[in-house]
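Report on one structure; see the data block that follows.
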2 protein chains.
Amino acid sequence: MRAATPESRRSSPAAVSSAEQLIRATGARVTQGRILVLEVLQAAGRAMTHHEIEAAVAGPLDRVTVYRVLDWLTREQIAHKIPGDDRVWRFTIAGQKQAHHHAHFQCTDCSQVICLDDVPTTLRPRLPAGYRSAGVEVTVKGQCKSCVRPAPRRARR
Amino acid sequence: MRAATPESRRSSPAAVSSAEQLIRATGARVTQGRILVLEVLQAAGRAMTHHEIEAAVAGPLDRVTVYRVLDWLTREQIAHKIPGDDRVWRFTIAGQKQAHHHAHFQCTDCSQVICLDDVPTTLRPRLPAGYRSAGVEVTVKGQCKSCVRPAPRRARR
DNA sequence: CTTCTGATGCAATCAAGTTGCGTCTGTTCG
DNA sequence: CGAACAGACGCAACTTGATTGCATCAGAAG
């Protein structure tokens with residue numbers, strides 16, 4: 001799975017991930033923080049909060065750095081920033097099919113967010129005169145797999 | 001438009017509003033704070049932040065009281081709590097047609113939110129196995145009337 | 001009018017997120 | 001390879017929307 005990069009300067013055996021390539025492609029600096037955070041996001045199949053990401057990152061990365069990396073990833077369109085019902089941002093890797101329209105699912109019990117890729121958000125709502133639409137966000141509310149049957153996991157707050 | 005209430009104990013000429021009736025119907029106490037906040041929400045045709053509501057209320061109501069009234073209104077299903085892109089809650093009166101499905105519009109410039117009542121949110125997205133849907137929220141992103149043409153009003157923050 | 005429950009006001013507190021600044025480190029260039 | 005520079009990082013302080021504890025006040029019932 002080795003990529004075209006000439007040599008791995010890092011000792012980690014799983015080095016030169018697609019994360020690193022993705023970051024390098026932007027032309028910006030390829031730093032440890034960016035690689036680690038992006039790898040975490042890629043590994044997770046769901047939207048993660050800043051807290052979760054910070055905890056999941058291997059090396060100890062500063063709170064603020066994680067915020068800044070996430071902000072940068074969002075600006076670079078690599079990640080996607082989602083407002084939740086608990087006033088906490090969540091982030092996911094922005095896949096290509098999620099370019100303009102795609103839907104999210106948010107659990108009303110544990111606030112977890114996942115992406116729903118196969119939702120045809122073809123509806124074109126009628127806006128009041130003078131308003132301009134730039135896209136539609138669809139969020140399905142309900143209970144996730146983990147909360148629908150067992151005792152609901154309450155949101156961490 | 002006078003209601004069945006025997007006597008208005010308040011000096012305000014426009015007394016015994018539908019707000020007061022609505023609150024009385026819940027069986028809970030009819031207090032000044034609740035009336036004032038609900039009247040503000042009813043008068044506004046859009047979603048308001050806590051700040052806006054506090055400013056719009058006539059008598060000086062404590063910050064915390066406004067929070068608590070809004071919380072109560074939301075629990076009572078009279079109001080509707082909307083998470084925005086600026087980490088600020090917004091509230092609207094929950095009309096009957098907005099019972100389960102209805103859409104919001106949020107301006108990407110000034111963060112203002114309005115309700116779109118006539119959006120047929122008939123889409124029924126396919127969820128992963130084990131997930132249970134409890135409703136769909138549709139949010140249209142774009143520019144509002146005030147921000148589409150003149151210099152954009154930046155969000156208050 | 002009295003009583004009682006629950007709403008209110010005030011102050012303190014919380015937590016997610018942001019900012020300023022000095023230091024460190026990728027990257028480039030010689 | 002080593003120096004130089006811009007940009008990223010770490011730390012601490014700060015901002016702000018929202019929440020909580022507690023003493024007091026005020027609807028509603030009797």
Side-chain angles (χ1 to χ4, degrees), chain A residues 5-10 15-16 20 23-38 47-55 57 59-76 79 81-91 111 155-157, chain B residues 5-10 15-16 19-20 23-38 47-55 57 59-76 79 81-91 111 113 155-157:
Chain A
T5 326
E7 187 98 80
S8 167
R9 283 172 304 284
R10 298 168 57 219
V16 194
E20 185 168 334
I23 296 165
R24 196 172 300 280
T26 67
R29 284 203 196 158
V30 181
T31 65
Q32 283 287 53
R34 287 174 179 173
I35 296 173
L36 290 172
V37 169
L38 184 50
M48 297 179 80
T49 64
H50 168 266
H51 272 307
E52 293 172 326
I53 294 167
E54 194 188 348
V57 161
L61 226 51
D62 191 73
R63 250 167 40 80
V64 179
T65 302
V66 175
Y67 274 118
R68 286 198 266 235
V69 168
L70 289 171
D71 196 41
W72 177 82
L73 287 171
T74 306
R75 276 201 314 277
E76 263 341 293
K81 196 176 183 178
I82 309 164
D85 274 359
D86 51 359
R87 264 174 55 83
V88 174
W89 295 117
R90 282 178 175 73
F91 299 84
S111 290
R156 62 227 137 265
R157 266 205 84 190
Chain B
T5 327
E7 187 101 77
S8 168
R9 285 169 304 283
R10 296 169 58 217
V16 192
E20 186 168 335
I23 296 165
R24 196 173 300 281
T26 67
R29 282 202 196 161
V30 181
T31 66
Q32 284 284 53
R34 286 173 181 174
I35 295 172
L36 290 171
V37 169
L38 184 48
M48 298 178 80
T49 63
H50 168 266
H51 272 307
E52 294 171 325
I53 294 167
E54 194 188 348
V57 161
L61 226 54
D62 191 74
R63 252 164 41 80
V64 178
T65 302
V66 174
Y67 275 118
R68 286 198 267 235
V69 168
L70 289 170
D71 196 42
W72 178 83
L73 286 171
T74 305
R75 275 200 315 276
E76 258 350 285
K81 196 176 185 179
I82 310 164
D85 274 359
D86 51 0
R87 265 175 56 83
V88 174
W89 296 119
R90 282 177 175 75
F91 299 85
S111 290
V113 174
R156 63 227 135 267
R157 265 208 85 187

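Each chain gets a letter, A, B and so on, in the order the sequences are listed, and its residues count up from 1.
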**Fill in**
Whichever of B:Asp71 and B:Val30 has the more 5' nearest nucleotide on DNA chain D, that residue is B:Asp71
**Prompt:** How far does the helix from C:dC1-D:dG30 to C:dG30-D:dC1 bend, going by the axes of its first and last five pairs, to the nearest 10°?
**Reply:** 30°
Is the shortest heavy-atom distance from the side chain of [X] to the side chain of [Y] under 4.5 Å?
X: A:Val66; Y: A:Asp62; result: no
X: A:Ser111; Y: A:Arg90; result: yes
X: B:Phe91; Y: B:Met48; result: no

**Message:** Mind checking if A:Trp89 touches a base, just sugar-phosphate, or nothing, with heavy atoms under 4.0 Å?
**Reply:** sugar-phosphate
Short heteroatom pairs, N/O only, protein and nucleotides 3-5 of chain D, under 3.5 Å:
none

**Message:** Run the side-chain contact (heavy atoms from CB on, under 4.5 Å) test against B:Arg63 and tell me which residues pass, sequence neighbours left out.
**Reply:** B:His50, B:Glu54, B:Tyr67
**Request:** List for me each residue that meets side-chain contact (heavy atoms from CB on, under 4.5 Å) alongside A:Ala28, sequence neighbours excluded, and say none if there are none.
**Result:** A:Thr26, A:Arg34, A:Trp72
Would you mind reading off the distance between [X] atom [atom1] and [N] atom [atom2], rounded to a whole angstrom?
X: A:Glu76; N: D:dG7; atom1: CD; atom2: P; value: 13 Å
X: A:Asp86; N: D:dG17; atom1: CG; atom2: C1'; value: 14 Å
X: B:Glu54; N: D:dT16; atom1: CD; atom2: P; value: 15 Å
X: A:Ile82; N: C:dG17; atom1: CD1; atom2: P; value: 13 Å
X: B:Glu52; N: D:dA18; atom1: CD; atom2: P; value: 11 Å
X: B:Glu20; N: D:dA28; atom1: CD; atom2: P; value: 9 Å
X: A:Arg75; N: D:dG7; atom1: CZ; atom2: P; value: 12 Å
X: B:Leu61; N: C:dT8; atom1: CG; atom2: P; value: 7 Å

Hey, does the side chain of [X] reach the backbone of [Y] with a donor-acceptor pair shorter than 3.5 angstrom?
X: B:Arg87; Y: A:Arg87; result: yes
X: B:Arg24; Y: B:Ala19; result: no
X: A:Thr74; Y: A:Leu70; result: yes

**Prompt:** Would A:Ile53 and A:Thr49 count as a side-chain contact (heavy atoms from CB on, under 4.5 Å) if you check the C-alpha gap in whole Å, the side-chain angles of each, and the deciding distance to 0.1 Å?
**Reply:** CA-CA 6 Å; A:Ile53 294 167; A:Thr49 64; over 6 Å; no
List every contact pair, protein side and nucleotides 11-14 of chain D side both N or O, where the distance is under 3.5 Å.
none

With a cut-off of less than 4.0 Å, is there a side-chain N or O of [X] near OP1 or OP2 of [N]?
X: B:Tyr67; N: D:dA18; answer: yes
X: B:Thr31; N: C:dT8; answer: yes
X: B:His51; N: D:dG17; answer: yes

**Fill in**
Nearest heavy-atom approach of A:Ile23 to A:Ile35 is CD1-N, 3.6 Å
**Request:** Return the minimal non-hydrogen interatomic distance between B:Asp85 and A:Pro83, and the atom names on each side.
**Result:** OD1-CG, 3.3 Å
**Request:** With sequence neighbours left out, write down each residue that passes salt bridge (charged side-chain N to carboxylate O under 4.0 Å, His left out) with B:Arg75, or none if nothing qualifies.
**Result:** B:Asp71
**Message:** Closest approach to the side chain of A:Arg24, judged atom by atom: which nucleotide of C:dG17, D:dG17, C:dT27 is it?
**Reply:** C:dT27
